[in-house]
Amino acid sequence: MNRRKFVVGAATASAALAGLTPFGMAQTVLRPLPILPMTDLIKGFESRISLNLSASTHDFGNGVNSNTFGINNSYLGPVLKVRQGQTLPFEVLNEIGEVSTLHWHGLHVPGDVDGGPHQQIEPGAIWSPDVPISQKASMNWFHSHAHGKTAQQVYKGLAGVLLIEDDESLSADLPKTYGVDDFTLVLQDKTFDKSGSLNYTLTETVLDDGFLGETLVVNGAIAPTLQVVQTGLVRLRILNACNANFLNLSMATGPLNIIASDGGFLASTVQTDILTMAPGERYEILVDMRRVDINQLLVSYELPEIDGIGGYLREFNTRGFSSLIAKLWNEGDLEIAALTLKRQDEPGFNASMPENLANLSAPDKTEASVTRSFELNQYTGADLEALAAAGDNYCGNGSAMAINGKSMDMDRIDENVRKGDTEIWRISVDDWRHPFHIHGCSFRILTQEGKQPPAYAQGWKDMVHVDGEVWSEVLVRFDCEALKDAPYMYHCHILEHEDCGMMGQFTVA
Ligand code: C2O
Ligand code: CU
Ligand code: CU
C-alpha cells in the first residue's frame, strides 16, 4: 500500500559508490556547499532584530535566476544563533506583496508570538514579537504559516534556521565553529522547468501526495555539493525543509552518529545505518573525518511521477547525474550524495564521540491525566482537481482535508489544554504516511506507527510519523499560554495537506 518506499540496501549504496574517486567525476558538477549567512545573536544585538521577507531571484546553481522569496537573503533566511534565557525583539517586515506570517517551529513560546496563521503580516506591514527563549539547546526553524499559502511560500524560500545554545551546549566537547566544523544543512526537493526556473504547479496529485520534486537542493544549491574540512569531528545540523518528501539519510562510509533530534540532545550518540527524516524534522550528526579522506552524506527521496519509469530515467539522464554519485533504485526513489566531505591535512576538532549528552529519563505514561485522539483525514471526498485548477497555486480556503472530520477553521477552537498538564496524544490516519507536528512544545514519542520509535527518535521531538490506522502516541506537556485569539496549531507537516485543512487549533491556559 505504501507509495513511499524505504528499502535502502546497504549493498546498493556501496555499489553506487564503488570506484568513486572525487576527482574522477568528470561530468558531474560538485557545487561548493553554500554556507547560509549566520547571525550570532548570543553576542548581543542593538535595537530590534530585522527579518525582511522579500521577493527576490536566486540561482540554484544551474545558471538561471529563479523567482524566489528570501529572508534577509535571496533564498531562505539566515541561521540565527541564540541563547537560552534571551528574549529576542524581532521586527519582521513583509515585502513579498501578499499576506504572510513567520512561525518559530519548535520554540516553546506563547501563542501570541508563535507566528501561526493568526499573526498575519499584511503586505508592507511589520510584526514585532518579543520571543522568549526558555528551552534547552536545540535546532529549530522558522517559516511562513499563512493559511492556504504556506506550501507555496515555504517552497519559494520563506524558511530559516534558529539554533538555541545553552550553558551545557556551549561548553560541550562538540564541534561548534560555524562553517568550519559545524554546518547547517537545509535539505529540500525542487522542480525546475525546461528553462531551468524553479517551478511549483499544483495538480490533483500534488495536493494528494504533497509536492515532490525531482531535484535535491542543499542550502539553496542543487546537489551534489562539496565541502573541504579539517581532520577531526564534523557536526552536521540537518533540517528536512521539503514540502512533503520523507528523506532517508545514510553515510557512504560507516553509520550515522546521531547526537540530537528536534528538541535537543539525545541521551548519548545513537548509531544507525539509515535515518528517516520527515518534512519539518531536525537531526544533528557527527562525522569522524580522522579516519577517511572522503565521506558522503547520501540522501534518498521519492521522485514525483514523471510518466512512469521511463520519465524518471529521462529526467535522470538529462540531469547528467553520474551513476557513481546518484542511483535510481526501487522504482522511483533516487539516492544522491547530497554532500561530499573531503578531508584536508590540517588538524580539526579532536574529541571522541560523546557518550553522555543529556539526562533523559524514560517517558512516564502514568503522569498523563488526559488522552486525546486525532484522526487525520486525507480523503474527505473533496474535489482536489477543481481545487488545484482554482488558480494561483494556493490551496484554497483549507477545507479539502481534515482532522477528526473537521477542516481547519480559524474561528473554531478544537481542543482546550490545561497549562502544565501532561497528556497523551494519539494520532492515526485514514491512509498513507504523514508527519504530525504540535506547536508550543516538545514531546516524547511513546509509539510511532504502532511500534517503538527508533532509538534516534526517543529524545525530545515535535514531529512524529503517522502511518495507517495504527496509533502513533506522544507524551506531551505545554508550559506556555495560548489563548483563543492566538491559539496553537497541530497539523500534518506535508504543507499541501496543512493548507488543505489537515490542521486544528488549541488553547493552553
Ligand atoms: Cu513547521 Cu505549524 O509548523
Ligand atoms: Cu511549528
Ligand atoms: Cu498529511
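In each ligand, atom 1 is the first atom listed, and ligand 1 is the first ligand listed. In what follows, residues are counted from 1 in the order of the sequence shown. Computed from a predicted model, the values in this text were never measured in an experiment.
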**OP:** Determine, using ring centers only, whether Phe436 and His434 are less than 6.0 Å apart.
**Re:** no
**OP:** Look at His105 and state whether any of its N, O or S atoms is less than 2.8 Å from the Cu ion (ligand 2).
**Re:** no
**OP:** Decide, counting backbone as well as side-chain atoms, whether His103 has an N, O or S atom less than 2.8 Å from the Cu ion (ligand 2).
**Re:** yes
**OP:** Measuring from atom 1 (Cu) of ligand 1, count protein N/O/S atoms under 2.8 Å, please.
**Re:** 3
Original post:
Would you say the side chains of Asn248 and Ser250 form a donor-acceptor pair under 3.5 Å?
Top reply: no
Original post:
Just checking, Lys419 and Phe478: is the charged tip under 6.0 Å from the six-membered ring centre and within 45° of the axis?
Top reply: no
Subject >> Shortest-distance N, O or S atom of His439 relative to atom 2 (Cu) of ligand 1 >> reply: NE2
Subject >> Parallel, tilted or perpendicular, as decided by the 30° and 60° cut-offs, for the rings of His437 and His439 >> reply: tilted
Original post:
Which residue pairs pass the ring pair (Phe, Tyr, Trp, His ring centres under 6.0 Å) test when at least one of the two sits in residues 81-101, sequence neighbours left out?
Top reply: Phe90-Trp104
**OP:** Would you confirm whether the ring centroid of His493 sits within less than 6.0 angstrom of the ring centroid of His491?
**Re:** yes
Subject >> Name, closest N/O/S atom of His437 to the Cu ion (ligand 2) >> reply: NE2
**OP:** Check step by step if salt bridge (Lys or Arg N to Asp or Glu O under 4.0 Å) holds for Glu473 and Lys365.
**Re:** CA-CA 10 Å; Glu473 266 191 345; Lys365 267 177 105 139; 3.4 Å; yes
Original post:
Given the side-chain rings of Trp460 and His108, with only the six-membered ring counted for Trp, is the space between their centroids under 6.0 Å?
Top reply: no
